[in-house]
Amino acid sequence: MPHLKMPRKPQPLWKEWDRKAQKCGVRHTVFSVNGDEYTGEWLDNKKHGKGTQVWKKTGAIYDGDWKRGNRSGFGTFSLPDPVTGEYVKAYSGGWKDDMKDGFGTYFYSETEYYEGEWSKDKRSGWGRMYYEDGGISEGEWLNDKLDGQGMFRLANENRYEGSWKNGMKHGPGKFVYLDKGQLYEAVWVENIAKCGKMSDFGREGAPAAPVYPIPKIHLLDPEAVLKDARATLPIEED
């Protein structure tokens, strides 16, 4: 008995046109209606893989990894200099879902920048911030602020080392006055030292040491007094 082959049912022309229009793989520059342009890899009509995006309105450019239409992976975001027009790097590092995520470096200016961990476009995790005046913040960050253990060093090398909360000194910490050769150990609440102990620390070699050394404390047990004072302070626990 002969086998009869059924004729293929014709498909509407629009389906063939749609198939050919699907962007998949490497493409030359594709222009959006608003003038933005993208050159790189695609998957199912979405930017996916390696590619470069240029935004017409701001002139910004991103070169790096994409996933399902969003910047994800490693990439560099740059902006044109308003005077020279040359591109200046603004951020280089990790991305996820179109936001800074992972380890990366963000440049606020030529001399002020942050290098460290990010989460959802905010400094979160370990990181170091360099300021224009020469100061440095280093430690644990949360929602763009120091939170946890960290250090803030002034341009003259004096520094605070200890606990932070919401960008403020909060909890036990110490302030080292290298210029005076003194050490202040205290408990802080929202940037205010509530109780502490000042002592000489390398005073002999300090460039601006006080004329007179700090006199000896005559309390029988100064550590116990400090401990009792700490117990009364309203320090929030995580």
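Heads up: numbering here begins at 1 and tracks the sequence.
Counting all heavy atoms, side chain and backbone alike, Phe77 lies closest to Arg71 at CD1-NH1, 3.7 Å. Considering every non-hydrogen atom in both Ala60 and Pro80, the closest pair reads N-CD, 4.1 Å. Asp44 approaches Arg68 most closely through the heavy-atom pair OD2-NH1, 3.7 Å. The minimum heavy-atom distance linking Ala206 with Gly181 is given by the pair CB-N, 3.4 Å. For the pair Thr111 and Glu132, the tightest heavy-atom approach, listed with the atom from each and the gap, is OG1-CG, 3.3 Å. Of all heavy-atom pairs spanning Leu43 and His48, the tightest one is CB-CB, 3.6 Å.
Of the N and O atoms on the side chains of Thr52 and Thr39, not one donor lies less than 3.5 Å from an acceptor on the other residue. Side chains of Asp63 and Thr76: no donor on one and acceptor on the other come within 3.5 Å. Judged by distance alone, the side chains of Asn158 and Asp179 do bring a donor and an acceptor atom under 3.5 Å apart. No donor-acceptor contact under 3.5 angstrom links the side chains of Ser124 and Ser119, judged on distance only.
Taking CG from Leu146 and CE from Met168, the interatomic distance works out to 11.5 Å, rounded to the nearest 0.5 Å. One distance of note links CD of Glu117 with CD of Glu140; it measures 10.0 Å at 0.5 Å rounding. The distance from atom CD of Glu190 to atom NZ of Lys169, rounded to the nearest 0.5 Å, is 12.0 Å. Interatomic distance, Glu138 CD to Met151 CE, rounded to the nearest 0.5 Å: 5.0 Å. In this structure, the separation between CH2 on Trp66 and CG on Asp98 is 6.5 Å, given to the nearest 0.5 Å.
Within the 4.5 Å cutoff, the side chain of Lys122 has no heavy atoms near those of the Lys145 side chain. Looking only at side-chain heavy atoms (C-beta outward), Phe152 and Tyr131 come within less than 4.5 Å of each other. No side-chain heavy atom of Lys56 sits less than 4.5 Å from a side-chain heavy atom of Phe31. Contact annotation: the side chain of Gln182 approaches that of Pro210 to within less than 4.5 Å [non-hydrogen atoms, C-beta and beyond].
Judged by distance alone, the side chain of Asp147 and the main-chain N or O of Asn166 form a donor-acceptor pair under 3.5 Å. The backbone N or O of Gly150 sits less than 3.5 Å from a side-chain atom of Trp164, completing a donor-acceptor pair. Arg159 places no side-chain N or O within 3.5 Å of a backbone atom of Arg153 that could act as its donor or acceptor partner. Formation of a donor-acceptor pair under 3.5 Å by the Thr84 side chain with backbone atoms of Glu86 is found in this model. With Asn70 contributing its side chain and Lys96 its backbone, the two residues share no donor-acceptor pair below 3.5 Å. Between the side chain of Ser109 and the main chain of Glu112, a donor-acceptor pair closer than 3.5 Å is present. Asp65 places no side-chain N or O within 3.5 Å of a backbone atom of Lys50 that could act as its donor or acceptor partner.
When the side chain to side chain donor-acceptor pair (under 3.5 Å) test is applied to Glu37, no partner is found at least two apart in sequence or on another chain. In this structure Thr105 satisfies the side chain to side chain donor-acceptor pair (under 3.5 Å) test with no other residue, sequence neighbours excluded. Legend: residues meeting ring pair (Phe, Tyr, Trp, His ring centres under 6.0 Å) with Tyr184, ordered by chain and number and at least two apart, are absent.
Hydrophobic cluster of Val176: the remaining members, joined at side-chain heavy-atom separations below 4.5 Å, are Leu178, Leu183, Phe201, listed by chain and number. Through direct or relayed side-chain contacts under 4.5 Å between Ile, Leu, Val, Met, Phe, Trp and Tyr, Ile61 connects to Val54, Tyr87. In the hydrophobic clustering (ILVMFWY side chains linked at under 4.5 Å, chained through shared members), Tyr130 is joined by Phe107, Tyr113, Ile136.
Between Lys100 and Asp121 there is a salt bridge, since at least one side-chain N of the basic residue sits less than 4.0 Å from a carboxylate O of the acidic one.
Residue Trp118 forms a ring-ring contact (aromatic ring centres under 6.0 Å, His included) with just one option from Tyr91, Trp141, Trp126, Phe103, and that option is Tyr91.
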Query raised in the report: Between His170 and Ser163, does a side chain to side chain contact (heavy atoms under 4.5 Å, CB included) hold up when you go through it step by step?
Result: CA-CA 6 Å; His170 193 86; Ser163 299; 5.7 Å; no
Requested in this report: Would you please test Trp95 and Tyr62 for ring pair (Phe, Tyr, Trp, His ring centres under 6.0 Å) and show each step?
Outcome: CA-CA 11 Å; Trp95 297 80; Tyr62 170 81; 5.3 Å; yes
Requested in this report: Might you work through the side chain to side chain contact (heavy atoms under 4.5 Å, CB included) test for Arg128 and Ser137, ending with a clear yes or no?
Outcome: CA-CA 6 Å; Arg128 183 186 294 122; Ser137 291; over 6 Å; no
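Taking the ring centre of Tyr38 as origin, the terminal cationic atom of Lys47 falls inside the region bounded by 6.0 Å and 45° from the ring axis.
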